[in-house]
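Throughout, protein chains are lettered first and strands after them, A, B, ... in sequence-line order, and every chain is numbered starting at 1.
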Protein chains: 2
Amino acid sequence: MATIEDVAKLAGSSRTTVSRVINDQPYVTKDKKEKIMDAMRQLGYVPNSSARRLRSQRTETIAVLLPRITNPFFGHLIEAIEEEASKYGYQVIVCQTHDKKQKELDYLQLLKTKQVDGVVMASFTNDWMEIKPFLDSGPIVLCNEYMDTDQVSMVHIDHRQAAYDATIHLIEQGCQHIAFTSGGQETHISRQRKSGFHQALSEHNLPFYSDSKWTEALDVKDGQKVLEHLKSVHPYIDGIFTGSDEVAAGIVYAAAQGNWRIPEDLAVVGFDNQMLSLLMVPSITTIEQPVEDMARKTIEVLVEKMQSKQPQRHTRFVYPYELLKRNSTDRSSVTQSVH
Amino acid sequence: MATIEDVAKLAGSSRTTVSRVINDQPYVTKDKKEKIMDAMRQLGYVPNSSARRLRSQRTETIAVLLPRITNPFFGHLIEAIEEEASKYGYQVIVCQTHDKKQKELDYLQLLKTKQVDGVVMASFTNDWMEIKPFLDSGPIVLCNEYMDTDQVSMVHIDHRQAAYDATIHLIEQGCQHIAFTSGGQETHISRQRKSGFHQALSEHNLPFYSDSKWTEALDVKDGQKVLEHLKSVHPYIDGIFTGSDEVAAGIVYAAAQGNWRIPEDLAVVGFDNQMLSLLMVPSITTIEQPVEDMARKTIEVLVEKMQSKQPQRHTRFVYPYELLKRNSTDRSSVTQSVH
DNA sequence: TTGTAGGCGTTATCAC
DNA sequence: GTGATAACGCCTACAA
């Protein structure tokens with residue numbers, strides 16, 4: 001591989017001048033500049049990025065931590081993040097934590113070892129106290145995940161309110177026995193959702209059912225299991241708020257196979273407005289997050305932190321969401337027939 | 001940030017010895033080693049990765065080029081690739097090309113500038129002659145994409161045969177007027193599929209229909225458009241091979257809205273066995289690729305190339321696929337009623 | 001067993 | 001305008 005030195009020799013000048021040309025700096029005569037450009041072409045010279053990194057102490061790379069990329073929500077998120085980051089000239093490293101605390105910490109090492117200039121945490125399973133020390137090594141922005149502190153910037157929607165709205169919707173549709181499912185790991189988000197769910201129920205003096213089977217529902221398969229479990233153990237349940245469209249889809253699918261009527265026997269709410277939720281029969285009521293906007297803002301905030309020297313204030317950006325009412329909760333006919 | 005020098009000073013030894021400790025090399029007394037470890041802890045020392053890269057001329061990073069991560073096939077692919085690469089200690093950089101030739105070339109620069117040790121191309125829209133020169137900068141492995149050469153290693157299934165099988169299946173189900181859709185960019189894969197499709201038709205003396213509207217079908221929305229188009233312009237079409245489950249799902253969805261019966265009026269085949277294809281009503285006949293196996297093999301091959309000094313032979317790995325027959329093509333009742 | 005010194009390729013500082 | 005020279009932080013002959 002040709003180095004800057006080779007180019008300098010061939011062009012009959014010094015490394016310094018070549019460097020000036022590479023970086024489009026002033027104070028180089030047209031004549032020299034052309035000679036150098038020629039030499040670079042001839043040698044197929046390309047600046048070595050490791051050397052640049054060492055010299056400049058920046059990597060132009062960020063790490064994005066997320067549970068798993070095949071969850072469509074995170075797929076969309078990283079798609080948008082990659083696009084946005086690339087506009088600023090940053091590479092994106094994918095870090096799948098699978099909700100494992102250790103993996104999360106391992107990937108944060110990238111920040112310490114200066115392999116990345118900053119980190120987006122869309123996976124956040126450790127205690128904040130474990131994460132905080134990494135802030136000394138570089139900026140971190142929480143995306144989707146959040147908590148109650150002002151020691152870090154965050155971009156998210158109000159999951160508590162979203163779950164509240166969805167639950168109220170179920171109640172308005174006449175549901176009296178409503179269940180709640182969430183993914184394996186207990187995160188701040190799932191706590192927030194549960195809290196909103198509880199509030200809606202208690203405001204209407206409705207009972208709260210709990211079953212450990214409901215706290216590990218992550219994907220379509222889990223959704224199917226949930227429905228089987230409901231049918232055999234809790235057949236009175238007539239509404240369910242799932243934290244995910246995949247789980248909701250699994251429930252709808254299993255219901256179709258097992259003669260359970262949605263929404264008549266069971267009204268279902270998903271989360272994230274994946275394509276899936278629209279295509280299922282019946283289509284699934286869900287909550288839409290402005291993923292692209294959130295991704296853009298996350299990168300904007302992170303880039304600002306990475307590029308400014310002095311540590312600036314941390315900010316919280318709360319985005320609006322939308323409850324999309326679809327057929328899986330449309331019990332208007334059910335309610336009527338009761339009267 | 002503490003450097004190796006700082007540690008050395010604090011521990012009262014030299015950089016060399018510290019480096020030995022870091023890299024677990026012999027010839028260090030227990031005593032010194034402990035002192036040095038202590039010093040590292042005290043200073044919170046972490047080796048600087050940029051320096052290491054420069055010194056070792058390796059980045060422990062690979063780039064994965066793919067069209068878009070939200071296409072579930074590529075989502076699964078990169079999930080598996082990331083996991084496998086991480087076992088070998090490699091980071092993964094996501095590079096979405098959106099099927100743009102220029103983006104593809106831009107990302108290949110990462111290899112030239114030594115930002116990555118190797119590249120997986122799961123997006124391949126340029127001519128091979130454009131790509132080939134990059135091989136001088138480091139190893140490249142084609143995954144999913146392939147072509148007729150032995151200048152590069154490839155991991156893929158036989159798309160020609162897969163399309164042939166699927167088309168034969170449609171014919172066996174009694175379809176007489178069969179259409180073919182493919183994604184925007186003309187790739188080697190789409191040519192292969194088309195060739196298999198053609199062969200099946202001509203073996204059965206069936207006509208081949210062509211319509212430019214069918215060559216840009218990529219996602220669910222496009223599938224919906226395709227069905228609308230079929231209904232108004234080619235209502236006689238009774239079978240369709242789509243290159244994608246999303247397109248197939250779009251067709252099924254639009255059919256349900258528009259009183260078109262699947263499979264009675266139109267039998268539909270997708271590709272990739274996404275969750276979606278199973279969950280749709282009717283469930284969609286599709287072709288399953290062994291994504292995880294392909295990802296594993298791709299990384300295995302790439303790692304070997306990256307780690308061995310002398311350039312070795314290029315190999316082609318062709319994986320088996322499976323045609324999953326589901327309801328979207330089950331016309332047994334149709335066929336019977338004709339008799 | 002330990003330390004010295006040079007270099008990986010680049011850029012910033014300073015002197016000419 | 002241009003060019004030596006000294007870092008950036010690490011590893012590794014080689015010498016002791």
Side-chain angles (χ1 to χ4, degrees), chain A residues 1-37 39-40 43-61 109-117 137-138 309, chain B residues 1-37 39-40 43-61 109-117 137-138 309:
Chain A
M1 277 295 86
T3 75
I4 204 172
E5 178 81 47
D6 303 330
V7 177
K9 262 184 202 145
L10 183 58
S13 63
S14 71
R15 284 181 290 172
T16 313
T17 313
V18 176
S19 175
R20 286 214 181 87
V21 172
I22 296 169
N23 298 296
D24 253 335
Q25 285 170 16
Y27 305 127
V28 185
T29 29
K30 257 211 170 122
D31 186 45
K32 278 236 138 162
K33 185 163 181 174
E34 268 167 28
K35 260 198 192 127
I36 290 176
M37 301 274 256
M40 298 205 299
L43 297 168
Y45 169 79
V46 181
N48 176 303
S49 110
S50 303
R52 277 198 151 158
R53 287 179 178 217
L54 177 56
R55 179 62 232 222
S56 67
Q57 306 282 42
R58 1 183 58 268
T59 66
E60 320 266 77
T61 306
Q109 283 292 328
L110 294 175
L111 199 56
K112 269 202 168 175
T113 59
K114 301 287 174 226
Q115 293 197 62
V116 300
D117 295 338
S137 309
K309 220 44 211 167
Chain B
M1 279 292 87
T3 76
I4 205 172
E5 178 82 49
D6 303 330
V7 177
K9 262 185 201 143
L10 185 57
S13 63
S14 72
R15 284 181 290 170
T16 316
T17 314
V18 177
S19 175
R20 288 216 179 83
V21 172
I22 295 169
N23 299 296
D24 252 334
Q25 285 170 14
Y27 305 127
V28 185
T29 30
K30 258 213 168 116
D31 186 45
K32 278 237 133 145
K33 185 163 180 174
E34 269 168 27
K35 259 197 191 129
I36 290 175
M37 303 272 257
M40 299 205 299
L43 296 168
Y45 169 79
V46 180
N48 177 303
S49 111
S50 304
R52 279 198 146 157
R53 288 180 179 218
L54 178 57
R55 178 61 231 232
S56 67
Q57 305 282 44
R58 358 182 63 268
T59 65
E60 320 267 81
T61 306
Q109 283 293 327
L110 294 175
L111 199 56
K112 270 202 167 176
T113 59
K114 301 286 173 227
Q115 293 198 61
V116 300
D117 296 337
S137 310
K309 225 29 213 179

So, applying side chain to side chain contact (heavy atoms under 4.5 Å, CB included) with A:Y45, which one of A:I36, A:I4, A:L10 is it?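 Per the side chain to side chain contact (heavy atoms under 4.5 Å, CB included) rule, the option paired with A:Y45 is A:I4, out of A:I36, A:I4, A:L10.
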
Could you tell me how far apart A:I36 (CD1) and D:dG1 (P) are, to the nearest whole angstrom?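 Going from CD1 in A:I36 over to P in D:dG1 covers 14 Å.
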
Spacing of A:Q57 atom CD relative to C:dT10 atom P, expressed in whole Å: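 That distance rounds to 16 Å.
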
Which of residues 44-55 of chain B sit near DNA chain C, with a heavy atom under 4.0 Å from it?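 Going residue by residue through residues 44-55 of chain B, the ones with a heavy atom under 4.0 Å of DNA chain C turn out to be B:L54, B:R55.
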
Ignoring hydrogens and geometry, is there a side-chain-to-backbone donor-acceptor pair from B:T113 to B:Q109 under 3.5 Å?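 Flag set: sc B:T113 to bb B:Q109 pair under 3.5 Å.
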
For A:T29 and A:D31, indicate whether the former's side chain and the latter's backbone hold a donor-acceptor pair under 3.5 Å.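 No.
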
Within residues 10-22 of chain B, find the residues that approach DNA chain D with a heavy atom at under 4.0 Å, and present them sorted by residue number.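 Within this stretch, B:R15, B:T16, B:S19 sit under 4.0 Å of the strand.
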
Do A:N48 and B:R53 have a side chain donor and acceptor closer than 3.5 Å?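 Side chains of A:N48 and B:R53: no pair found under 3.5 Å.
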
Could you verify whether a donor N or O on one side chain and an acceptor N or O on the other, from A:S14 and A:T17, lie under 3.5 Å apart?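 A:T17 and A:S14 do have a side-chain donor-acceptor pair below 3.5 Å.
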
Would you please confirm or rule out a distance under 4.0 Å between OP1 or OP2 of D:dG3 and any side-chain N or O of A:K9?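 For D:dG3, OP1/OP2 do not have a side-chain N/O of A:K9 under 4.0 Å.
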
Within the structure, does a side-chain N or O atom of A:K32 lie under 4.0 Å from either OP1 or OP2 of D:dG3?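 Checking A:K32 against D:dG3: at least one side-chain N or O falls below 4.0 Å of OP1 or OP2.
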
Which part of the nucleic acid does B:E5 contact within heavy-atom distance under 4.0 Å: base, sugar-phosphate only, or nothing?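 Nothing, no nucleic acid heavy atom in range.
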
